[in-house]
Novice: 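My questions will all concern the structure given below.
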Amino acid sequence: MEKLSYEIEINAEPEKVWSVLWGDITYRQWTTAFTDGSFYEGTLEENNIIKFLDPKNNGMYSRVEKIIPNEEITFLHLGEIYEGVEVPQDWGEATEAYFLEENDNGTLLTTKIQTPAEFKEFFEEKFPKAMAIVKHLSENQL
């Protein structure tokens with residue numbers, strides 16, 4: 001399992017960054033760094049299953065392990081979705097966590113990922129781009 005971490009300073013309060021991360025319209029904008037047309041289905045509450053999908057109903061599904069609004073959220077990735085069909089995967093502790101820490105400059109957004117080695121290169125390429133979009137949206141939207 002690879003452990004990856006990404007950080008970015010954002011000149012906006014944590015509530016604004018949170019709303020950019022998880023609001024429907026802005027989520028679709030920043031996740032274009034991964035796949036055009038990305039969206040999620042489900043309610044962000046502990047133990048709920050969330051489906052992260054592309055326009056063809058492909059993606060993955062995860063369980064919300066922990067959520068403290070405007071501070072942190074952790075997903076445990078459970079499997080992939082192919083044309084709407086859930087396919088469980090034995091990924092162990094494959095997690096994706098977002099931490100928002102208020103500071104003098106606004107918010108430090110940290111993302112920590114535990115992923116099978118096969119996905120490391122994808123995340124290394126895409127996550128910095130995604131976080132740059134989150135920063136832009138957080139700092140430039142009303």
Side-chain angles (χ1 to χ4, degrees), residues 1-139 141:
M1 195 68 69
E2 297 283 337
K3 293 185 178 189
L4 310 174
S5 183
Y6 306 95
E7 287 186 353
I8 193 165
E9 285 280 349
I10 300 175
N11 187 14
E13 66 278 358
E15 294 80 6
K16 175 67 178 174
V17 178
W18 184 269
S19 72
V20 166
L21 285 169
W22 309 116
D24 181 54
I25 292 169
T26 48
Y27 177 86
R28 292 170 187 260
Q29 291 173 320
W30 71 266
T31 56
T32 59
F34 303 106
T35 303
D36 278 339
S38 292
F39 64 100
Y40 72 88
E41 292 180 347
T43 306
L44 298 177
E45 295 176 3
E46 279 186 25
N47 297 313
N48 278 6
I49 300 296
I50 304 297
K51 295 180 180 181
F52 298 97
L53 299 163
D54 71 10
K56 296 178 182 171
N57 259 351
N58 296 316
M60 62 188 203
Y61 64 101
S62 308
R63 183 173 57 239
V64 179
E65 293 289 286
K66 181 176 184 179
I67 183 169
I68 302 172
N70 305 313
E71 291 182 27
E72 72 179 270
I73 189 167
T74 301
F75 300 99
L76 176 65
H77 299 311
L78 303 173
E80 295 179 286
I81 302 172
Y82 299 102
E83 296 177 354
V85 178
E86 295 179 9
V87 180
Q89 300 292 324
D90 186 16
W91 288 331
E93 289 296 309
T95 57
E96 188 172 324
Y98 297 79
F99 301 92
L100 289 75
E101 183 181 334
E102 190 166 14
N103 59 34
D104 292 341
N105 300 318
T107 303
L108 175 65
L109 172 60
T110 305
T111 305
K112 295 185 179 197
I113 300 169
Q114 288 191 155
T115 182
E118 65 194 88
F119 299 119
K120 179 181 180 181
E121 191 175 308
F122 175 82
F123 285 129
E124 291 284 309
E125 177 190 344
K126 306 290 187 179
F127 240 98
K129 294 175 184 175
M131 293 188 70
I133 297 170
V134 171
K135 176 181 174 72
H136 176 78
L137 292 170
S138 298
E139 292 178 350
Q141 287 201 339

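Along the sequence shown, residues are numbered consecutively beginning with 1.
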Novice: Can you give me the closest heavy-atom contact between Gly79 and Trp91, atom names plus distance?
Specialist: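 The pair with the smallest heavy-atom distance is N-CZ3, 3.7 Å.
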Novice: Can you check whether Ile10 reaches Val20 side chain to side chain, under 4.5 Å on heavy atoms?
Specialist: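 No. Closest side-chain heavy atoms not under 4.5 Å.
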Novice: Can you spot which of Lys51, Gln89, Glu96 makes a side chain to side chain contact (heavy atoms under 4.5 Å, CB included) with Met60?
Specialist: Glu96
Novice: Look only at the side chain of Thr26 and the backbone of Ser19, and say whether a donor-acceptor pair between them is shorter than 3.5 Å.
Specialist: yes
Novice: Quick check: does any side chain N or O of Asp54 sit under 3.5 Å from a backbone N or O of Ser38, one acting as donor and the other as acceptor?
Specialist: no
Novice: Distance check, rounded to the nearest 0.5 Å: Phe99 atom CZ versus Leu108 atom CG?
Specialist: 11.5 Å
Novice: Look at the side chain of Glu139 and the backbone N and O of Asn11, then say whether any donor-acceptor pair between them is shorter than 3.5 Å.
Specialist: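 Yes, because the side chain of Glu139 sits within donor-acceptor range (under 3.5 Å) of the backbone of Asn11.
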Novice: Looking at CG of Leu53 and CZ of Phe39, how far apart are the two atoms once the value is rounded to the nearest 0.5 Å?
Specialist: 4.5 Å
Novice: What do the steps show when you test Val64 against Phe75 for side chain to side chain contact (heavy atoms under 4.5 Å, CB included), and what is the final call?
Specialist: CA-CA 5 Å; Val64 179; Phe75 300 99; 3.9 Å; yes
Novice: Side chains of Leu100 and Asn70: does their closest heavy-atom pair fall under 4.5 Å?
Specialist: no
Novice: Please report the shortest heavy-atom distance between Pro55 and Gly37, naming the atom on each side.
Specialist: CD-O, 3.6 Å
Novice: With a 6.0 Å cut-off (strictly less than), is the heavy-atom count around CD of Glu118, excluding the residue itself, greater than 12?
Specialist: yes
Novice: Does Glu101 CD have over 12 foreign heavy atoms under 6.0 Å away?
Specialist: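 Counting other residues, nucleotides and ligands, CD of Glu101 stays at 12 neighbours or fewer.
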Novice: Rounded to the nearest 0.5 Å, how far does CD1 of Ile50 lie from CD of Glu45?
Specialist: 8.5 Å
Novice: Quick check: do Ile8 and Val134 have side-chain heavy atoms less than 4.5 Å from each other?
Specialist: no
Novice: Taking all atoms of both residues into account, what is the closest heavy-atom pair of Pro14 and Gly106, and its distance?
Specialist: CD-O, 4.5 Å
Novice: What class does the angle between the rings of Phe34 and Phe127 fall in, given that below 30° is parallel, 30 to 60° is tilted and above 60° is perpendicular?
Specialist: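 Perpendicular.
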Novice: Could you measure the distance from the CZ atom of Phe119 to the CD1 atom of Ile113? Nearest 0.5 Å is fine.
Specialist: 12.0 Å
Novice: Could you check whether any side-chain heavy atom of Leu109 comes within less than 4.5 Å of a side-chain heavy atom of Leu21, counting everything from C-beta outward?
Specialist: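 With C-beta onward as the side chain, the pair touches.
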Novice: Do Tyr6 and Leu4 make a side-chain contact, defined as non-hydrogen atoms from C-beta onward lying under 4.5 Å apart?
Specialist: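 The answer is yes, as the side chains (C-beta and beyond) meet within the 4.5 Å cut-off.
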Novice: Find out whether Thr95 and Leu76 are in side-chain contact, i.e. whether some heavy atom of one side chain is under 4.5 Å from a heavy atom of the other.
Specialist: yes
Novice: Which distance, rounded to the nearest 0.5 Å, do you find between the CD of Glu102 and the CD of Glu71?
Specialist: 9.5 Å
Novice: What's the shortest heavy-atom distance between Thr110 and Lys112, and which atoms?
Specialist: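 For Thr110 versus Lys112, the nearest heavy atoms are CG2-CE, 4.0 Å.
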Novice: Using 0.5 Å steps for rounding, measure from the CD atom of Glu9 to the CE atom of Met131.
Specialist: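 Output value for this atom pair is 10.5 Å.
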Novice: A side-chain contact here means heavy atoms from C-beta on lying under 4.5 Å apart; do Glu2 and Glu124 qualify?
Specialist: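 Not touching, per the 4.5 Å side-chain cut-off.
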Novice: Can you tell me if CG on Asn103 sees more than 12 non-hydrogen neighbours from other groups inside 6.0 Å?
Specialist: yes
Novice: Hey, are the side chains of Ile73 and Trp18 touching, using non-hydrogen atoms and a 4.5 Å cut-off?
Specialist: yes
Novice: Looking at Thr74, is its backbone amide N or carbonyl O close enough to the side chain of Glu65 to form a donor-acceptor pair, meaning the two atoms are under 3.5 Å apart?
Specialist: no
Novice: Anything under 30° is parallel, anything over 60° is perpendicular, the rest tilted; go ahead and classify Tyr27 against Trp22.
Specialist: parallel
Novice: Between Lys56 and Glu83, is there a donor-acceptor pair closer than 3.5 Å when you use the side chain of the first and the backbone of the second?
Specialist: no
Novice: Looking at Ala130 and Trp30, what are the two nearest heavy atoms and their distance?
Specialist: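 Nearest pair, atom of Ala130 first, then Trp30: CB-CE3, 3.7 Å.
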